[in-house]
Amino acid sequence: MLQISAIRNQKEAFIKALAKRNLDATEMIEAALALDEKRRATQTELDAIKAESNSLSREIGGLFKSNQQQKANVLKEKTSQLKEASKTLDQVLNDTIEDLSTLLYKIPNVPNALVPVGTSETDNEEVYREGEIPILGAHAVPHWELAKKYDIIDFELGNKITGAGFPVYKGKGARLQRALISYFLDKNTAAGYTEYQLPLLVNEASGFGTGQLPDKEGQMYFVGEDNLYLIPTAEVPATNIYRDSLLNESDLPIKLTGYTPCFRREAGSYGAHVRGLNRLHQFDKVEILRIEHPDKSYDALNEMVEHVKGILQELKLPYRILRLCGGDLGFTSALTYDFEVYSTAQERWLEISSVSNFETFQANRLKLRYKNSEGKNELAHTLNGSSLALPRVLAGILENYQTENGIDIPEVLIPYTGFKSI
RNA sequence: GGAGAAAUGGCAGAGCGGUCGAAUGCGGCAGUCUUGAAAACUGUUGAGGGUCACACCUCCGGGGGUUCGAAUCCCUCUUUCUCCGCCA
């Protein structure tokens with residue numbers, strides 16, 4: 001969520017920047033500022049009443065000690081009146097704070113200057129492309145057919161056990177998946193990211209901290225019995241490690257990585273483009289996350305992009321990088337780069353990573369701060385990205401590496417799989 | 001799952017219902033001393049709101065209550081510890 005103090009200082013700049021999201025925020029911003037004004041006025045008034053009441057209480061204490069009950073009783077009545085007044089004001093204050101928060105939750109992050117103008121994914125700006133798109137023979141088929149042909153992923157079995165979107169990986173398919181996870185984690189730890197194993201269920205406060213709640217709860221599976229949510233991404237438990245914390249400047253940057261399964265309800269998205277591994281309810285992902293000094297977060301973002309590039313180069317997959325336009329940019333992000341791998345048999349690009357800088361947007365909600373060199377507390381910047389999402393990388397490998405007689409394994413993975421082909 | 005105990009500042013640990021945002025120790029920071037360091041001594045050291053700056057307000061696990069006044073009393077939730085049971 002945006003900081004009201006920042007909005008106060010540069011209202012026009014916020015409205016102008018948000019316009020890039022094709023959003024006229026004027027009304028919301030004005031309403032927020034009005035509520036902020038009201039909040040502070042109410043707070044001041046309430047403080048004054050409390051101050052008076054406090055000092056009277058102290059006086060009463062003194063009077064009791066010196067056995068002046070009568071005088072004390074007179075003052076008691078006065079404080080009772082003050083109490084009534086403060087109760088009303090307290091209610092007003094709480095309502096105002098709540099209204100303000102509700103409103104602020106609805107305002108998306110301010111896009112970075114680099115974010116291109118646009119309304120949909122077709123307006124995203126391709127900033128980089130690398131890798132040869134292989135020319136496949138007539139034998140080439142999409143990955144779901146390969147999965148069946150070589151008996152490495154069983155979609156029907158998943159239907160039986162759970163339902164659509166929960167595939168079963170077997171034999172070399174399972175091993176290849178595990179190889180990818182290990183390979184990604186090794187690359188990440190080699191780049192200085194500390195490996196974490198995180199809870200797959202989170203409480204309400206965590207869901208709230210990273211912004212899945214209150215608005216997007218429909219995306220998550222919910223365990224009502226214990227009031228817990230299955231994580232839609234490792235970002236949720238990983239970022240919440242640092243909820244409500246005050247770091248030293250020297251602690252920064254914090255770099256961590258974690259592998260987790262991810263669970264997404266994906267309600268309402270069915271059709272041909274969700275076939276096979278393209279869109280699942282449960283999938284594996286390795287995530288990288290950074291907490292940075294505000295001055296360094298964009299360097300960090302570029303570093304993360306370079307890191308993911310390095311992995312795709314090693315896997316020798318054709319990919320491109322998009323800078324998301326205002327219309328496609330996620331609610332909490334200031335700047336996002338999407339990585340897409342080319343699925344040769346499907347003849348389309350598949351998103352396999354999304355690397356974003358959230359600046360202070362998440363940190364503000366999380367109360368994630370650090371003490372700067374002047375001893376003042378400031379919000380840190382948070383960033384995260386996938387490195388990488390497994391199913392679509394797997395789809396890319398299966399399709400791009402298929403031959404007439406089987407599927408080759410990318411060279412860097414062979415030490416992890418223990419076999420050279422499927 | 002059952003029974004009991006506890007939750008206080010970076011950590012440890014006091015705290016009678018009334019100048020308690022909180023003793024004391026350790027740690028951190030600054031200074032004195034020292035060629036330098038250590039030791040010793042002195043000072044300083046939580047967060048949020050608010051203000052030009054003060055004042056002032058809030059916070060002793062979370063929420064609610066009693067009271068003129070709550071870290072202190074009551075209710076409730078959460079977490080931790082001990083014992084019993086169950087269990088990969």
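Convention: sequence-line order gives letters A, B, ...; per-chain numbering from 1. Keep in mind that the numbers below use all heavy atoms, side chains included, and drop hydrogens, waters and symmetry copies.
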Q: What's the CG-P distance between A/N364 and B/G48, to the nearest Å?
A: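 About 13 Å, once rounded to whole Å.
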Q: Going by atom types alone, do A/D95 and A/Q91 pair a side-chain donor with an acceptor below 3.5 Å?
A: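 A pair is found: one side chain offers a donor N or O, the other an acceptor, under 3.5 Å apart.
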Q: In whole angstroms, how far is the C1' atom of B/A55 from the CD atom of A/E45?
A: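 After rounding, the reported distance stands at 18 Å.
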Q: Please give the distance between the C1' atoms of B/G13 and B/U24 as a whole number of Å.
A: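 Here B/G13 and B/U24 have their C1' atoms 8 Å from each other.
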Q: Quantified in whole Å, what is the P atom distance between nucleotide B/G18 and nucleotide B/U34?
A: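 So the two P atoms sit 49 Å from each other.
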Q: May I ask you to decide if A/L228's main-chain N or O and A/D226's side chain share a donor-acceptor pair within less than 3.5 Å?
A: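 No; judged by distance alone, with no hydrogens or angles, the pair does not exist.
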Q: Give none if B/C60 has no partner; otherwise give the nucleotide forming a Watson-Crick or G-U wobble pair with it, both distances under 3.5 Å.
A: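 Result: none.
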Q: For A/N405 and A/Y150, work out which heavy atoms get closest and say how close.
A: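 In this case the closest contact between A/N405 and A/Y150 is C-OH, 3.8 Å.
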Q: Taking OP1 and OP2 of B/U78, is either one under 4.0 Å from a side-chain nitrogen or oxygen of A/N203?
A: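 No, A/N203 has no side-chain N/O under 4.0 Å of OP1/OP2 on B/U78.
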Q: Taking atom P in both B/G69 and B/U8, compute the distance separating them and give it to the nearest angstrom.
A: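 Looking at atom P only, B/G69 and B/U8 are 27 Å apart.
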Q: Whom does B/C41 pair with, Watson-Crick or G-U wobble, provided both distances fall under 3.5 Å?
A: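 Here B/C41 is engaged in a pair, and the nucleotide opposite it is B/G31.
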Q: With RNA chain B as reference, determine whether A/T44 or A/E52 sits nearer its 5' end, using the nearest nucleotide of each.
A: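 On the 5' side of the pair lies A/T44.
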Q: So if I take every side-chain heavy atom of A/R39 and compare against B/U58, B/G49, B/G46, which nucleotide ends up nearest?
A: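 Of all the options, the side chain of A/R39 is nearest to B/G49.
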Q: In terms of side-chain heavy atoms of A/R40, which of B/C56, B/U51, B/G46 is nearest?
A: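 The closest nucleotide is B/U51.
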Q: Mind listing the N/O atom pairs, protein and nucleotides 28-30 of chain B, below 3.5 Å?
A:
none

Q: Answer with yes or no after comparing the ring centroid distance for A/F208 and A/Y105 against a 6.0 Å cut-off, counting only values under it.
A: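 Distance test on ring centres: under 6.0 Å, yes.
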Q: Going by distance alone, is a donor N or O of one side chain under 3.5 Å from an acceptor N or O of the other, for A/N384 and A/E235?
A: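 Short answer, yes.
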Q: Rounded to whole Å, how long is the line connecting atom CD of A/E204 with atom C1' of B/C77?
A: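 After rounding, the gap between these two atoms is 14 Å.
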Q: Does any nucleotide pair with B/C68 by Watson-Crick or G-U wobble geometry, both distances under 3.5 Å, and what is it?
A: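 Because both required distances fall under 3.5 Å, B/C68 counts as paired with B/G18.
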Q: Quick check, are the ring centers of A/Y298 and A/H381 under 6.0 angstrom apart?
A: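 No, the ring centres sit 6.0 Å or more apart.
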Q: Taking the C1' atom of each, how far is B/U51 from B/A70, in whole Å?
A: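 Pairwise C1' distance, B/U51 against B/A70, rounds to 29 Å.
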Q: Under a 3.5 Å cut-off for both distances, is B/C87 Watson-Crick or wobble paired, and to whom?
A: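 WC or wobble partner does not exist here.
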Q: Could you state the CG-C1' distance from A/N377 to B/G49, rounded to the nearest angstrom?
A: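 Taking CG of A/N377 and C1' of B/G49, I get 14 Å after rounding.
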Q: Can you check the A/N54 CG to B/A55 P distance for me, whole Å?
A: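 Distance, rounded to whole Å: 15 Å.
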Q: NA contact type, A/K367, heavy-atom cut-off 4.0 Å: base, sugar-phosphate, or nothing?
A: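 The residue A/K367 makes no contact with any strand.
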Q: Check the distance between B/U51's C1' and A/R8's CZ and give it to me in whole angstrom.
A: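 In whole Å, B/U51 C1' lies 12 Å from A/R8 CZ.
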Q: Determine the interplanar angle of the A/F222 and A/Y229 rings, folded into 0 to 90°, and report it as parallel if under 30°, tilted if 30 to 60°, perpendicular if over 60°.
A: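 Rings of A/F222 and A/Y229: tilted, 30 to 60°.
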Q: How close or far is atom C1' of B/G50 from atom NZ of A/K50, stated in whole angstroms?
A: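 Rounding to the nearest Å, NZ of A/K50 and C1' of B/G50 are 13 Å apart.
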Q: Using atom C1' in both nucleotides, what's the gap between B/C59 and B/A5 to the nearest angstrom?
A: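 Roughly 26 Å separates the two C1' atoms.
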Q: Each nucleotide in nucleotides 65-72 of chain B should get exactly one letter: B, S or -. Can you fill that in based on protein heavy atoms under 4.0 Å?
A: --BBS---
Q: B/G48 phosphate, OP1 or OP2: any side-chain N/O from A/R369 under 4.0 angstrom?
A: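 Checking B/G48 against A/R369, a side-chain N or O does come within under 4.0 Å of OP1 or OP2.
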Q: In whole Å, what separates the P atom of B/A7 from that of B/U72?
A: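 After rounding to an integer number of Å, I get 11 Å for this pair.
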Q: When both hydrogen-bonding distances must be under 3.5 Å and the geometry is Watson-Crick or G-U wobble, what is B/A7 paired with, if anything?
A: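 Its partner is B/U78.
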Q: Just checking, is any N or O donor in the side chain of A/D251 or A/Y370 under 3.5 Å from an acceptor N or O on the other one?
A: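 No, no side-chain donor-acceptor contact under 3.5 Å.
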Q: Can you tell me, in whole Å, how much space there is between the C1' of B/A22 and that of B/A47?
A: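 Their C1' atoms lie roughly 15 Å apart.
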Q: Say whether, by atom type as modelled, one donor and one acceptor occur between the side chain of A/S386 and the main chain of A/S354 under 3.5 angstrom.
A: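 It does hold such a pair.
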Q: Quickly work out the A/N227 CG to B/C77 P distance and round it to whole Å.
A: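 It is 15 Å, rounded to the nearest whole Å.
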Q: Determine, for A/K371 against A/E378, whether the closest basic-nitrogen to carboxylate-oxygen distance falls under 4.0 angstrom.
A: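 No, no charged N to carboxylate O under 4.0 Å.
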Q: Taking only the P atom of each, what is the distance from B/U66 to B/C74 in whole angstrom?
A: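 15 Å, rounded to whole Å.
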Q: Report yes or no: do A/D408 and A/Q402 form a side-chain donor-acceptor pair below 3.5 Å?
A: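 Result is no, nothing qualifies.
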